[in-house]
Amino acid sequence: MLPISSLPQLLKTILAWLQRAFDATTTWVTQLSWWKFFLFAALALIAGSILQDELFSSSPDEEVVIKSHKRSSKGSGDTNILIDDTGIHFNPRNSKNRRSSTADAASDPADAAEADAQASAVPPEPPQPPAAPAKPSYPVTTNASGEEVHIELPPQIGEELSNAIEEAVDDAAEQKVSRYHQQASTWFKSFVSLLVLALFAMKALVGGKKRAEAETVTANEAAERESMQRQLSEAKMQMMQAQVEPHFLFNTLASVEHLIQVDPPRAAKMQRSLIQYLRAVLPQMRDNALITNLGREADMVQAYLNLLKMRMEERLTVDFQIPDGLRSAAFPPMMLQSMVENAIKHGLEVKPEGGTLRIIAEVAHSKLRVIVTDDGLGFGVVPSDGTGLGLPTIRERLKLLHGDQGSLTITPNQPSGVCAVIEVPYQLSK
């Protein structure tokens, strides 16, 4: 006997097991495709039918043995017993012999006709009074209270009567067992059918919820992976921003120091341009925003190009074509700066006579298109001493920010140089 305090705990444990079993079954069913589920249902019904035949149906050999045993126990004749208000009517097995002898007598028509003619020649006798019923030749004993009656029967009749009662009892038992088997077979078939129907309802009703939960989990995992990739890409870009081209800064400071000695006014102008550039770049370095506006990026690039023009002088020509109406357009930070630095470093700075740098912004097919072209030496002419992460990082950031709608295209420029095009969805920055 379990203590009362452990009974709720036992019930709670049983309910927890049932819930886990239900969840496991539901998960398994929902993971199956519909054609696999229907195949499983068909196999389950076939297996249930086979088990039904094996468990609740008797084999033909057993039925033959039972029937032959019954025939051997009954013997050559059938015993007929009828119990009614008048008593017990017993037809012994030799009654067939008496019926056959009567039939033989009736089969001779000539003897029957002669007997009828003799009977018609004799005058009819007057009717006799009914005879008294014959007393039974076997004793009947009744006790004093009249509740118990003992009838002594001849041995042959008693044996046949006992056999007939035993056969009747056996038939009744066999019928009861047959009804039990039939009922159990019906219950088993109904159980299998209800089980398949319950699994179908579970897949149809609960399957949608399970699939939605699985899709939600998958979407969350994908979002987490995408967020980690974006953070990694931003970390790479921030690392590149933090560098701020050290060689460029060192070269600029060295140029300022040299100009202070030979041309102080020009040194002061370069210093002002450097301060303007740092004021534009440093807030961008501290800001972790994923999207900025094109005007802010253009101002930073303009300050950078002013410094370069003071260093390269007539070797650098800049053509800036960014309309004022597009300065408020959303644009990823530091991308334009990276493209301009690549054009200067790999194309124009290494070219003795320099060249022209063009920066164009336009809207085409609901996309903001920013084009940076140069007529320098182009990629691959001069070996690069950089990390090589600039353009791949830009492509990765565009994919993370805009998916298939963002792209970076690098093509050769005519007659020389490189043409780089960034396309992003056109929208106003927030």
Side-chain angles (χ1 to χ4, degrees), residues 1 40-108 130-199:
M1 189 69 180
F40 167 77
L43 293 178
L45 292 176
I46 294 174
S49 178
I50 294 174
L51 288 176
Q52 178 184 3
D53 295 338
E54 292 293 333
L55 296 176
F56 305 107
S57 298
S58 59
S59 61
D61 296 338
E62 294 178 354
E63 294 180 356
V64 171
V65 171
I66 293 173
K67 292 180 179 179
S68 62
H69 176 69
K70 287 183 179 180
R71 286 195 296 268
S72 62
S73 63
K74 289 182 180 180
S76 59
D78 294 334
T79 303
N80 186 14
I81 300 175
L82 178 62
I83 302 175
D84 56 11
D85 296 338
T86 60
I88 300 176
H89 302 272
F90 177 70
N91 182 16
R93 294 178 178 177
N94 57 3
S95 61
K96 288 184 177 181
N97 297 329
R98 290 196 296 268
R99 286 196 299 270
S100 62
S101 62
T102 305
D104 293 340
S107 61
D108 193 353
K135 294 182 179 181
S137 60
Y138 46 87
V140 178
T141 306
T142 305
N143 61 359
S145 61
E147 296 178 355
E148 181 180 353
V149 177
H150 177 68
I151 303 175
E152 293 184 2
L153 297 176
Q156 181 182 3
I157 296 178
E159 182 182 359
E160 293 184 359
L161 183 61
S162 177
N163 293 334
I165 293 175
E166 290 179 359
E167 292 176 1
V169 172
D170 292 340
D171 291 339
E174 290 177 3
Q175 292 177 2
K176 185 176 181 180
V177 171
S178 177
R179 286 195 301 269
Y180 168 75
H181 283 179
Q182 184 177 3
Q183 187 176 10
S185 176
T186 303
W187 287 353
F188 182 79
K189 184 177 180 180
S190 301
F191 171 75
V192 175
S193 301
L194 289 176
L195 179 61
V196 173
L197 184 61
L199 293 177

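FYI, the numbering just counts along the sequence from 1. Predicted, not measured: the structure shown is a model, and the values here were computed from it.
- Contact record, Ala44 with Val192: O-CG1, 3.9 Å, taken as the closest heavy-atom pair.
- Residue Leu194 holds its CG atom at 11.0 Å from CG of Leu199, rounded to the nearest 0.5 Å.
- A donor-acceptor contact shorter than 3.5 Å is absent between the side chain of Ser178 and the backbone of Glu174.
- To the nearest 0.5 Å, the span separating NZ on Lys189 from CG on Leu51 amounts to 14.0 Å.
- With Ser190 contributing its side chain and Thr186 its backbone, the two residues share a donor-acceptor pair below 3.5 Å.
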